[in-house]
Amino acid sequence: MSYYQPMINVFRPQFTQNLPAYRYETLESLTRDVHIKAIHSHNDYWRKRPLLDALLWGVVSVEGDIWHFEKGYTVSDTVTETTQEFKKDEIYVGHNQVYLELRNTLNALYLDPLYYFLDGANKKFSEPILEKTDSKCSVFYDAPEVPLFFWLDLKTEGHELYSKLKPYLERFVEKDYLAHYNGEHVAGPVVLTLTGDVPWDVIDQESVSGENRYVYADCPLQKFMEASADEWKRYERSCKIASASLEQLLGKDLYTLAVRGSLTKEHQKKLKGYFDKAHEHGLKTRIWGGVDWPIYVRNSHWRALWELGCDLINADDLRAAATLF
């Protein structure tokens, strides 16, 4: 086994049927003896095994881009001479509409395996057990108390897409698998955050209604230094995490200098101010749009961001992030 590879499938269950890939795994096979890491799996659906590979590396945060088409549509490929019909009753996962695939639905890539693993971690017992707790277990075998931060990036119109998303979440709500807000924050094994075209007006309305709201919004980290008292109230009830791009936080001129070398003291001071402000209000932080190349610059930025207090390291290369620190 390579030093850089996590242990794979040592406890693989045996199935003879032709099942989805996740049914050939358990939380034990994926995350036993795997250290939990404060890494965000950016564009996770690009991986050979979405969600599963992230869990295998002990990654605590996973992101998928989602699309819905109210009228549906068909796509004809003249190269393969095939036609795909995208249905209005499905939510699809992908980075670009041009390369969406019928098989890559939200249920197939994420919600079905996530629900399967959560059910496996929260078994029913006929007799009380010594370690009985009212809390639900998360998807990490050695750290069931650590929640998975699950992000959905809304790529089509946010109000319509959010309304279509809600029925998909009902099975998770029924079993208390989602963290939620009902005037106060209630912990759960999965923290679902919406980013992209977030319908903030709907989130605000649900936040003050007194009913349970089962999603959180991605707070605009770049606005924190000028936020008013009312804005902070909104962020504190609506969000668990705040994010921004590196350029949004540094400004164009400082960003241009940062992409070619290590973060200077001026860079670090500015970034730390944002992280500290978020932490004062109980919010975690993530930076996207950072440097991917050259590798030595990317690695130096990752180290600096972690030391400055960034809570989730945004990574496309999970192996590199998991083995750097």
Side-chain angles (χ1 to χ4, degrees), residues 38 40 60-64 66 91 106 110-111 114-115 117-119 121-122 133-140 143-154 157-224 227-244 274-275 277-286 288 311-312:
H40 175 78
V60 78
S61 182
V62 172
E63 174 191 0
I66 59 173
I91 295 177
L106 177 59
Y110 289 105
L111 297 187
L114 188 54
Y115 187 81
F117 290 136
L118 287 169
D119 264 0
N122 293 279
T133 174
D134 293 331
S135 300
K136 297 287 185 176
C137 294
S138 181
V139 293
F140 302 107
E145 74 284 358
V146 177
L148 175 73
F149 292 96
F150 182 44
W151 303 61
L152 293 176
D153 190 338
L154 309 184
E157 201 281 320
H159 293 82
E160 186 272 335
L161 183 46
Y162 181 37
S163 69
K164 294 296 182 182
L165 175 64
K166 284 186 174 181
Y168 282 68
L169 305 179
E170 289 177 356
R171 53 178 164 164
F172 293 86
V173 171
E174 289 173 358
K175 292 195 174 181
D176 293 327
Y177 287 158
L178 296 179
H180 56 279
Y181 180 81
N182 60 5
E184 61 183 26
H185 296 288
V186 181
V190 176
V191 179
L192 176 55
T193 294
L194 304 182
T195 186
D197 191 24
V198 177
W200 273 98
D201 56 336
V202 178
I203 300 297
D204 288 338
Q205 183 180 5
E206 292 180 345
S207 297
V208 299
S209 69
E211 299 180 1
N212 292 331
R213 192 199 68 230
Y214 290 95
V215 302
Y216 289 88
D218 178 15
C219 270
L221 182 59
Q222 72 274 17
K223 296 182 179 181
F224 277 14
S228 66
D230 286 341
E231 287 173 323
W232 275 118
K233 289 180 181 178
R234 182 194 208 190
Y235 298 154
E236 288 172 351
R237 69 181 180 231
S238 302
C239 309
K240 285 288 189 178
I241 305 180
S243 75
Y274 284 105
F275 300 151
K277 180 64 70 173
H279 294 158
E280 286 176 16
H281 294 271
L283 299 175
K284 295 183 181 295
T285 58
R286 173 178 75 96
W288 51 271
D311 297 283
L312 294 173

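Taking all atoms of both residues into account, the shortest heavy-atom contact from N122 to Y177 is ND2-CE2, 3.7 Å. Nearest heavy-atom pair, A278 versus L221, reported as atom, atom and distance to 0.1 Å: CB-CD1, 4.2 Å. Heavy atoms only, all atoms of each residue included: Q222 and S243 are closest at OE1-O, 3.7 Å. Scanning both residues, V60 and F140, for their nearest heavy atoms gives CA-CZ, 3.9 Å. Listed here is the closest heavy atom pair of E236 and H185: O-NE2, 2.7 Å. Residues Y168 and I91 share a closest heavy-atom pair of OH-N, 3.1 Å.
If you take CG on L165 and CD1 on I66, they are separated by 5.0 Å, rounding to the nearest 0.5 Å. Going from atom OH of Y214 over to atom CG of D176 covers 6.5 Å, rounded to the nearest 0.5 Å. How far OH of Y216 is from OH of Y181: 8.5 Å, rounded to the nearest 0.5 Å. Distance check, rounded to the nearest 0.5 Å: CG of L148 to OG of S138 gives 6.0 Å.
Here the options are Y274, W232, F275, the test is ring-ring contact (aromatic ring centres under 6.0 Å, His included), and the partner is H281; only W232 passes. Evaluated for a side-chain hydrogen bond (donor to acceptor under 3.5 Å, both in side chains) with D311, the options H40, R286, K284, H279 yield exactly one hit, H279.
The number of heavy atoms from other shown groups lying within 6.0 Å of CD (E231) is above 12.
Using a cutoff of 4.0 Å between basic side-chain nitrogens and carboxylate oxygens, R234 and D204 are scored as salt-bridged. Note on E170 versus K175: no salt bridge recorded, every NZ/NE/NH1/NH2 to OD/OE distance being 4.0 Å or above.
Here the side chains of L312 and T285 are not in contact, with every heavy-atom distance at 4.5 Å or above. In this structure, L114 and V139 have side chains that are in contact, with non-hydrogen atoms separated by less than 4.5 Å.
Listed by first and then second residue, the disulfide (SG to SG under 2.5 Å) pairs involving residues 192-221 are C219-C239 (not counting sequence neighbours).
By the side-chain hydrogen bond (donor to acceptor under 3.5 Å, both in side chains) test, E211 is found to be paired with no residue, residues two or more places apart in sequence or in another chain being considered.
No donor-acceptor distance shorter than 3.5 angstrom exists from the side chain of S238 to the backbone of Y235, with no hydrogens or angles considered. One N or O on the side chain of R213 and one on the backbone of R237 form a donor-acceptor pair closer than 3.5 Å. H180 places a side-chain N or O within 3.5 Å of a backbone atom of L178 that can act as its donor or acceptor partner.
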Donor-acceptor pairs under 3.5 Å, side chain of residues 187-203 to any protein atom, not counting sequence neighbours: which ones?
from : atom 1 : to   : atom 2 : distance (Å)
T195 : OG1    : D218 : OD2    : 2.8
D197 : OD2    : G158 : N      : 2.7
D201 : OD1    : H159 : NE2    : 2.7
D201 : OD2    : H159 : NE2    : 3.2

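Between F150 and Y110, the angle of the ring planes lies from 30° to 60°, which puts this pair in the tilted group.
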I'd like to know whether K164 forms a salt bridge (charged side-chain N to carboxylate O under 4.0 Å, His left out) with E157, so could you lay out the CA-CA distance, the side-chain angles of the two residues, the decisive distance to 0.1 Å, and finally the verdict. CA-CA 11 Å; K164 294 296 182 182; E157 201 281 320; over 6 Å; no
